[in-house]
Amino acid sequence: MEVDGHGAIVSPQHANRSSGPSQLSNPVNLCGHSTSRATIEIYTSRHRRRNYSEPREGTQFQRALLQAEPAPRPEVPPAPFGDLSSIGIEEFCVLVTDLLRDRNRSVAEKRRSGIRGLFGYLETLPGATWQERWDASVFKGEDAPPVNVLAPPGSTARRNSLVAAVKLAFCMRIIQPCLSGFRANRFPGYAEQFRLAQTDPRLDAFFEAASNHPRLSTVHQDRAKFDVTCALTTQGIALADLTPAALLHYSVENKRLGLTHGACHQDRTRYAARGAWEVLHDMGHFPNGTAPTLRKTLAQGQHSVEGLVDRYGIQNAEVRQLLIDYLLRRKSDTDYTTLDQLTRQLASTFWATIEQINPQQADLALSAEVYDQWRAEIRYWQHDKSKVRMDVAAVLLTVRGLYMDLHTWAVAEPERWARWVAPCPILPRDLKGFGKRRREIYRRMADRTRVRQPLLPVLVEHVESRHEHLSSLLAAARLVPLGTAFVHRGRHYGRSDSPEDRRRIKTEAGPTIRIVDQETGKTIHLDQVEDLAFWEWAAVEILRHSGIRIEELTELTHLSIRQYQRPTGEVIALLVIAPSKGERERVIPMSPDLFHAIAQVVRRQTRNRRAIPLVSRYDPQERLWSDPMPFLFQRQRGTAHDVLASRTITGMLRRSCNEIAQTNPMFTDTKFTPHDFRRLFATDIVNGGLPIHVGAALLGHLNLQTTQGYVAVFAEDIVQHYQEFLNHRRGQRPEGEYFDVTPQEWAEFEEHFDKRKVELGNCGRPYGSPCQHEHACIRCPMLQVNPKMLPRLAEIEKDLVLRRKRAEEEQWLGEIEGIDMTLTFVRTKQADAARTAHRAPVALGIPTTRRPE
């Protein structure tokens, strides 16, 4: 066995700092002095992550198909050096001296010193073996301190020797720690030292597979090795006994204790051993049928109809079977999300509540008293009676639909449904005012859009400026050596020079860019914050320029980008939206701003000339995994690539709104959601003159009334005008006479866009409309200036300034007012064109079909 020097000694920089209280039962330090339980003070990084006095949250593993449980104790526990459970301290020192015969005497003496100090303390505790004494110590438990608390204060060498000693005890299988007791200490190089100690061919094969894994960087390969060796150490097993359930248990415990790499108080959703799971699965260690990734193991998947109904504990077996049969019949014409909601309303809100009111109820014939009590009960939420239910009418409609469906089905299949036919207790008067309530919902949505429409530029400016600042700061920091100060935009920063930074700079993955703000002293993980800022900017830009749903945004792939070439040779970029609602695929022509955002996403994913990774996306609504596809909104998170979740983007927007609210009182009680951009997009395109039926096609609405609800911010006469226009056109042409576009009509359509080209750029007036500004393009808001015409705008501005000076001299006051207005328009268009000119063109190419490997 070889003992790596870095693996056996903890450097002073990695030693656990002592600044917080903990308890230790009468330990003996290396100087031989007894230390009081109340005087020991520690504060480790692990303890900062978790407050053990807080109640622990449950995890989704409680309902997962694969239950997390530790591996059973093997009949013959692994013992690479034989049975050392009761070895004497001096015998252990001799064994270690023999193992370190190739090292200098100083290293061996330090190991012996640490062994005598640690095992000398354990020898004072009750137990026949070292494991029993360890379990009786304070190092066993969720709030375990590190072993270096046995050293006198300020003695770094003694602290390091203690850590090295317990590291040897774990590797040689003398002591089996719990996960919390293991992670309380820091063991650099533990994975390699553990592997050398075990002489296990399976473990050697795993290390080789992890080192050659194509999807893991060097850092994540090391993390996968550490996770496996930590799981084997804490569960007292060999790699052959590491089952999926055991590795899942290790991952769950890391999340519960807040020990996962990258976990913090703001993010406790990370799971450990994700990379280790993929390596073990790829090398065939797990049984056939095991999910290829840990995330797929975590996902619950779709429940059966029986499972959905049985969640609510219905006592009457016949009614339970009725609801199952009814939902199975409805399942064929609905999606899983709707089926889940239908089950909740019928099984929980309806029948489970009826059984609480009248346990003897055996059929659907409800008495007036029971029905009235049920109506009063569902006015409030079941789990919080202080909250009033806003969707009572939706529950009533669902229950009424159950009664009406049974009436209808009983005519065709009386033997199956007739016995359940009963008078519907929900009378028409109970649903009175439903239309009024729907109008109230539309009114609230319209008010929400009115409030957010003027605030959208503020949010866009904040998100865009933050992304530009962080990206330029990251580019500047990359050029600065470690430990060097630099100035960026007048602010002083310093490149971090920690041991971790020096280690990462030598890996193929490159260093983590961390800087210190000299004014605040705050350390900034620049890679992480810049990555989050980019994805937030990309999400905002694509959502507000396309009007797609948040689910459709996360489903965009490289294959969603298409192109169409007009007969004139002009190429139009298209965005193909996969159906997420309504089962209706649609195509959106991309505006320059939308194309720029999509191009930036593709360029980020294909940097270093790599292909966009193929990953699977989990649909939280349908609870299904997609096939591996080149999703655009994916990022490296831990040891794997994941598609951004909808709630992640929602959280980004919420944080940005909170930041803006600190300086802008308009954002104090106002938050943006991804769906707000869809309503604002609908408002913008209809306001720009696009026919409402075309807008409905872009938004993917099957009904024009739905689109009208989205643009309800307009005055009633505008909506009425559109409706009268559509009705008049339909009245003139019978429905059966609609036919394809003629060549003449298509030529007129193309001619319109050709005539929109003017000297300074392009006119954005709607199709079929003449110029309303008498060709005074410089004042027209529809003019889209080409950045190449900035010199021409400068000439116009210079001429206007000279004309204004002449007008002042001649006292042409009316002329001065007109020139000032024109100057305002000119300078505004100059700023817009200059902003567009800063965006570099990106060559995307067209995605091609991958060749089978």
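Computed from heavy atoms alone, side chains included, the values below leave out hydrogens, waters and symmetry copies.
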Residue pairs involving residues 605-620 (criterion salt bridge (charged side-chain N to carboxylate O under 4.0 Å, His left out); sequence neighbours excluded) = Glu555-Arg617
query = Does His469 have its ring centroid less than 6.0 Å away from the ring centroid of His488?
reply = yes
Side chains of Asp227 and Tyr250, donor plus acceptor under 3.5 Å = yes
key: Residues Gln830 and Glu797: side-chain donor-acceptor under 3.5 angstrom   = yes
request  = Check the surroundings of atom NZ in Lys671: do more than 12 heavy atoms from other residues, nucleotides or ligands lie under 6.0 Å from it?
outcome  = yes
request  = Find out whether the Lys NZ or Arg CZ of Arg604 is both under 6.0 angstrom from the six-membered ring centre of Phe534 and within 45° of the ring's axis.
outcome  = yes
ask   = Got a sec, which residues hit salt bridge (Lys or Arg N to Asp or Glu O under 4.0 Å) with Glu659, two or more places apart in sequence or on another chain?
value = Arg466
message = Looking at Arg450 and Asp447, is there a salt bridge between them, counting it only when a charged N and a carboxylate O are closer than 4.0 Å?
response = yes
message = Tell me whether the count of non-hydrogen atoms from other residues, nucleotides or ligands lying under 6.0 Å of CG in Asp669 goes above 12.
response = no
message = Using a 3.5 Å distance criterion without hydrogens, assess whether the side chain of Ser471 forms a donor-acceptor pair with backbone atoms of His467.
response = yes
query = Just how far is it from atom OG of Ser560 to atom CD1 of Ile598, taken to the nearest 0.5 Å?
reply = 8.0 Å
task = Sequence neighbours left out, what passes side chain to side chain donor-acceptor pair (under 3.5 Å) with Gln528? Give chain and number order.
result = none
ask   = Hey, does the side chain of Glu541 reach the backbone of Ala597 with a donor-acceptor pair shorter than 3.5 angstrom?
value = no
ask   = Is a side-chain donor or acceptor of Thr484 paired with a backbone partner of Val480 at a separation under 3.5 angstrom?
value = no
query = Is the shortest side-chain N to carboxylate O distance from Arg452 to Asp676 below 4.0 Å?
reply = yes
query = Would you say Asp517's side chain and Tyr493's backbone share a donor-acceptor pair under 3.5 angstrom?
reply = no
ask   = Taking the six-membered ring for Trp, are His596 and Trp537 parallel (under 30°), tilted (30 to 60°) or perpendicular (over 60°)?
value = perpendicular
message = Ring-plane angle category for Tyr190 and Phe226, please: parallel below 30°, perpendicular beyond 60°, tilted otherwise.
response = perpendicular
query = Donor-acceptor pair, Arg678 side chain versus Leu543 backbone, under 3.5 Å?
reply = no
message = Testing the 3.5 Å rule here: is there a donor-acceptor pair between the side chains of Thr293 and Glu278?
response = no
request  = Carefully, step by step, assess Arg183 and Glu253 under the rule salt bridge (charged side-chain N to carboxylate O under 4.0 Å, His left out).
outcome  = CA-CA 12 Å; Arg183 293 294 301 277; Glu253 286 298 293; over 6 Å; no
request  = Would you confirm whether the ring centroid of Phe672 sits within less than 6.0 angstrom of the ring centroid of Phe677?
outcome  = yes
ask   = Side chains of Arg654 and Thr673: do they bring a donor and an acceptor to under 3.5 Å?
value = no
query = Can a salt bridge be assigned to the pair Arg635 and Asp642 using a cut-off of 4.0 Å between side-chain N and carboxylate O?
reply = no
